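Only one structure is covered here, and it is reproduced in the block below.
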Amino acid sequence: MGRRLPKKGEQFSKIDAVKWFDKNYPKIKPGTVEMHVEVMSTNNGRIRKHHKSVYAGSGHDLFFKLGPNRFRLADPTKDPEPIYDIQQAREEQEEKSLHPQDEETIVEQLDDQTLDAASQFAYERDLQNFLVKDLERLETGLRLYREEDDDGLVGVEFVVGGRRIDILGVDAEDRLVVIELKVGNTYDRVAGQLARYMGWIKENFRPEKEVRGIIVANKISDDLRLACSMIENVNLVEYEINFNVRRIK
């Protein structure tokens with residue numbers, strides 16, 4: 001596609017969209033374009049659930065996501081109904097791909113490693129949803145990033161160069177804060193991942209802003225602590241999960 005608009009049925013990537021906007025609307029930053037492509041994909045419930053501005057008739061139902069970084073124009077005549085709520089996305093996926101008689105067979109095929117990865121993914125999403133509602137649990141004055149002028153986009157699963165930041169926040173001093181969540185083992189490579197995200201934000205998204213980083217994990221390993229000691233503006237935070245019961249009968 002490059003520097004022209006896609007035709008009906010033609011596939012394009014976020015890079016294609018960025019190139020087109022760079023030519024026609026150069027003041028719009030690449031990160032904003034990439035996030036809009038994700039949000040405007042009618043079947044991308046995982047992203048659209050976080051944006052209250054996305055609803056029937058809001059003008060966000062433009063694209064259809066075919067796979068990782070592959071999109072086409074939405075076709076109301078053959079595409080499923082646009083998703084505006086994550087519960088709807090789950091129900092549609094279950095209806096299409098999981099029949100009741102197949103569930104036991106599928107579970108039997110999952111090995112321990114797959115189950116562990118799936119559990120970590122689920123816990124990480126729960127942690128993300130929990131913190132998004134109250135980022136001041138991490139530090140006073142920390143809030144979720146929100147676009148000032150562009151459809152109210154927020155810093156959840158924020159797209160950076162084909163990857164996603166768990167949470168993008170803004171601290172009390174108006175600095176951007178890249179927040180990475182880890183529920184499993186915290187290897188030292190997480191430091192490199194965070195540094196890459198921070199660098200992308202600084203270079204491509206908001207060059208005028210200072211950028212910080214926070215890694216939130218159940219346990220910070222010594223290797224990760226050592227790796228982050230050489231990176232400026234990075235904080236490490238450990239969390240605990242408390243489980244309480246109350247007898248009612």
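Predicted model, so just to flag it, every value in this text is computed and none were measured.
By the 4.0 Å N-to-carboxylate-O rule, R143 lies close enough to D174 to be salt-bridged with it. With salt bridges taken as basic N to acidic carboxylate O contacts below 4.0 Å, one links R137 and D134. A salt bridge between E210 and K202 is absent, with no side-chain N of the basic residue lying under 4.0 Å from a carboxylate O of the acidic one. A salt bridge between E139 and R212 is present, with a side-chain N of the basic residue lying under 4.0 Å from a carboxylate O of the acidic one.
Around the CD atom of E203, the shell of radius 6.0 Å holds no more than 12 heavy atoms that belong to other residues, nucleotides or ligands. A 6.0 Å sphere centred on CZ of R70 holds more than 12 heavy atoms belonging to other residues, nucleotides or ligands. Other residues, nucleotides and ligands contribute over 12 non-hydrogen atoms within 6.0 Å of the CZ atom of R196.
Hydrophobic cluster membership is shared by L135 and F130, with clusters built from Ile, Leu, Val, Met, Phe, Trp and Tyr side chains linked at under 4.5 angstrom. With hydrophobic clusters built from ILVMFWY side chains whose heavy atoms lie under 4.5 angstrom apart, V211 shares a cluster with L236. Linking Ile, Leu, Val, Met, Phe, Trp and Tyr whenever their side-chain heavy atoms come within less than 4.5 Å puts V132 and V237 in one cluster.
Shown here for L131 and I167, the closest heavy-atom pair between the two residues is CB-CD1, 4.1 Å. Of all the heavy atoms in I231 and A191, the pair that sits closest is CD1-O, 3.8 Å. The two residues W200 and P30 come nearest to each other via the heavy atoms CH2-C, 4.5 Å. When every heavy atom of I83 is checked against every heavy atom of R48, the shortest pair comes out as O-NE, 2.6 Å. Nearest heavy-atom pair, V37 versus F63, reported as atom, atom and distance to 0.1 Å: O-CD1, 3.8 Å. The two atoms that bring N44 and E38 nearest to each other are ND2-OE1, 2.6 Å, heavy atoms only.
Here CD1 of I201 is found 11.0 Å from NZ of K29. Values are rounded to the nearest 0.5 Å. With rounding to the nearest 0.5 Å, the separation of CG in L176 from CD in E173 is 13.0 Å. Here the CD-CE distance, from E157 to M35, works out to 8.0 Å after rounding to the nearest 0.5 Å. The distance from the CG atom of D16 to the CD atom of E10 is 8.0 Å, given to the nearest 0.5 Å.
Checked by atom type and distance alone, the side chain of N69 never pairs as donor or acceptor with a backbone atom of S13 at under 3.5 Å.
The aromatic rings of F205 and Y145 lie perpendicular to each other, with more than 60° between the two planes, well past the 30° mark.
D61 and Y84 share a donor-acceptor pair across their side chains, judged by distance under 3.5 Å alone. For D223 and S221, the side-chain atoms include no donor-acceptor pair closer than 3.5 Å.
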Begin from the C-alpha positions of L73 and L62 and carry the test side-chain contact (heavy atoms from CB on, under 4.5 Å) through to its verdict. CA-CA 6 Å; L73 294 179; L62 298 182; 5.8 Å; no
side-chain contact (heavy atoms from CB on, under 4.5 Å), that's the test. Do Q11 and L66 meet it? Break it down for me. CA-CA 8 Å; Q11 295 187 23; L66 300 170; 3.5 Å; yes
Output, in order, the C-alpha distance, side-chain angles, deciding distance and verdict of side-chain contact (heavy atoms from CB on, under 4.5 Å) for V177 and I214. CA-CA 7 Å; V177 185; I214 299 177; 3.7 Å; yes
For W20 and D22, what are the C-alpha separation, side-chain angles and deciding distance, and is it a side-chain contact (heavy atoms from CB on, under 4.5 Å)? CA-CA 5 Å; W20 185 87; D22 182 57; over 6 Å; no
